Amino acid sequence: MTHIFWPSRRRMLDVLAAVLVLGPASKAQAQGVSALKIATIGAGAEGGALGTIFAKLGHPVMFSSRHPEQLKDLVAAAGPNARAGSVADAVAFGEVIFLVVPYPAVEEIGRDYGKALAAKPLVVDVSNPSAARDGETLAKWVDEQGGAGLATAKLLPGAHIVRAFNAFGHNGIHGADVLTKPSSGQTVGVPIAGDDAQAITLATKLIKETRFEPVLIGGLAKGKYLVPGSPISGEHTPDELRKIAASLK
Ligand SMILES: NC(=O)c1ccc[n+]([C@@H]2O[C@H](COP(=O)([O-])OP(=O)(O)OC[C@H]3O[C@@H](n4cnc5c(N)ncnc54)[C@H](OP(=O)(O)O)[C@@H]3O)[C@@H](O)[C@H]2O)c1
């Protein structure tokens, strides 16, 4: 297996401290001390859209897949902060990892990179199980774990996971105005779920740099609602999301 860079605990604490001390980041801040190295595992419709946002905000971004040579157009479109690599490269590079793969791949990634991922301050789990796409057996297993949040935690033991961006499509993430903060009332909320307070804080700071507003709906057990077709899916204002979240068991 390719050599994996293990970030020191000190660096992990530095990353958290840099982000926690600073207020809401601007593009300029992102290019300075608070710029975080972000890696996406999976660089298709959703991983490509998310990585592009953060590259355009000034963060160094590495897109990855099993075929990084196919990511040239994506890298070119995402601009000078973007590059592509193998999954091992991305795990070595990223301080924050976005996991944006078909759900069956999560098990393999956990097996190959679980220890390295557990050393990151934040793994954003964007991946969704789908019976139609991934098969009934996997969907049943995920249900038995208590839904997607707890299932991902089982596949990535020790990782500091926050589920986010799962419940609305990549078309809502992409767009010319993607970096422009809308006037309030038009803000789109991003439901997030996690059990790790520091990871939630870091995810919140990152999402607040974008035009989206993070809304914590609960722990990873509530991650089961962060899937397409749930009451919380689709585009909602933050207030609407909070109301829906309050009705979820
Ligand atoms: N599309 C959306 O609007 C959307 C919205 C929210 C959440 N999601 C979720 O996000 C995930 C990705 O969806 P998508 O629409 O972006 O799919 P996609 O366009 O098919 O992209 C999947 C990406 O994952 C990579 N990949 C697949 N297996 C892999 C493995 N074993 N190791 C590393 N990389 C692997 C693929 O590249 P290679 O095959 O070259 O490795 C590709 O880059 C899914 O779980 C989906 O449910 C999607």
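This one's a predicted model, so the numbers in the text were calculated from it and none came from an experiment. Any value given below was found using the heavy atoms of this structure, including those in side chains, with hydrogens, waters and symmetry copies removed. As the structure lists them, so they are numbered: ligands from 1, and atoms in each ligand from 1.
Panel note: side chain S127, backbone V101; a donor-acceptor pair is recorded below 3.5 Å.
Partner of L99 under the side-chain contact (heavy atoms from CB on, under 4.5 Å) criterion, chosen from L155, V106, V126: V106. Of the residues listed (N128, D134, T152), the one engaging Y103 in a side chain to side chain donor-acceptor pair (under 3.5 Å) is T152, and it is the only one.
There is no protein heavy atom closer than 4.0 angstrom to atom 20 (O) of ligand 1.
By the rule that hydrophobic residues join a cluster once side-chain heavy atoms approach within less than 4.5 Å of another member, V123 and V142 end up as members of one cluster.
Closest to atom 40 (O) of ligand 1 among all protein heavy atoms lies H67 ND1, 2.6 Å. Among all protein heavy atoms, the one lying closest to atom 6 (C) of ligand 1 is N166 O, 3.3 Å. In terms of protein heavy-atom proximity, atom 46 (C) of ligand 1 is closest to R133 NH1, 3.6 Å. For atom 2 (C) of ligand 1, the closest non-hydrogen atom of the protein is E46 OE1, 3.4 Å. The nearest protein atom to atom 12 (C) of ligand 1, hydrogens excluded, is given as V100 O, 3.4 Å; this is a heavy-atom distance. Looking only at heavy atoms of the protein, atom 29 (C) of ligand 1 is closest to R66 NE, 3.4 Å. Among all non-hydrogen protein atoms, the one lying nearest atom 35 (C) of ligand 1 is V101 CG1, 3.7 Å. Among protein heavy atoms, the minimum distance from atom 3 (O) of ligand 1 is reached at H170 N, 2.7 Å.
When G44, A167, G48 are checked for heavy-atom proximity to atom 18 (P) of ligand 1, G44 turns out nearest. In the candidate list S65, A49, A45, S65 is nearest to atom 36 (C) of ligand 1, counting heavy atoms. Taking all heavy atoms of L71, T40, V126 into account, the minimum distance to atom 9 (C) of ligand 1 is reached by V126.
Looking at every heavy atom in both residues, A148 comes nearest to P129 through CB-CD, 3.8 Å. The two residues I97 and A90 have their closest heavy-atom pair at CD1-O, 3.9 Å. Among all heavy-atom pairs drawn from A139 and A131, the shortest one is CB-CB, 3.7 Å. Annotation for G229 and S233: closest pair N-OG, 3.2 Å, computed over non-hydrogen atoms. When all heavy atoms are compared, the tightest approach of I41 to S64 is CA-OG, 3.4 Å.
Taking every heavy atom of A105 and a limit of under 4.0 angstrom, the matching atoms of ligand 1 come to 28 (N), 29 (C), 30 (C), 31 (N). Of all atoms in ligand 1, listed by their number and element, those nearer than 4.0 Å to a heavy atom of S127 are 45 (O). Taking every heavy atom of G42 and a limit of under 4.0 angstrom, the matching atoms of ligand 1 come to 23 (C), 24 (O), 25 (C), 43 (O). Near E108, with a cut-off below 4.0 Å to any heavy atom, the atoms of ligand 1 are 31 (N). In summary, the atoms of ligand 1 found under 4.0 Å from a heavy atom of V87, numbered by their order in the structure, are 33 (C). Near F165, the atoms of ligand 1 lying under 4.0 angstrom from a non-hydrogen atom of the residue are 6 (C). Listed by atom number, the atoms of ligand 1 under 4.0 Å from P102 heavy atoms are 22 (C), 24 (O), 27 (C), 45 (O).
Look at E144 and K140 and you find a salt bridge, because one of the NZ, NE, NH1 or NH2 atoms lies within 4.0 Å of a carboxylate O, short of that distance.
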Starting from the C-alpha separation in whole Å, work towards a yes-or-no answer on side-chain contact (heavy atoms from CB on, under 4.5 Å) for N81 and V61.
CA-CA 6 Å; N81 294 321; V61 169; 5.8 Å; no
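In this structure, Q145 places its CD atom where more than 12 heavy-atom neighbours from other residues, nucleotides or ligands lie under 6.0 Å away.
Note: no N/O pair closer than 3.5 Å links S64 and ligand 1 by distance alone.
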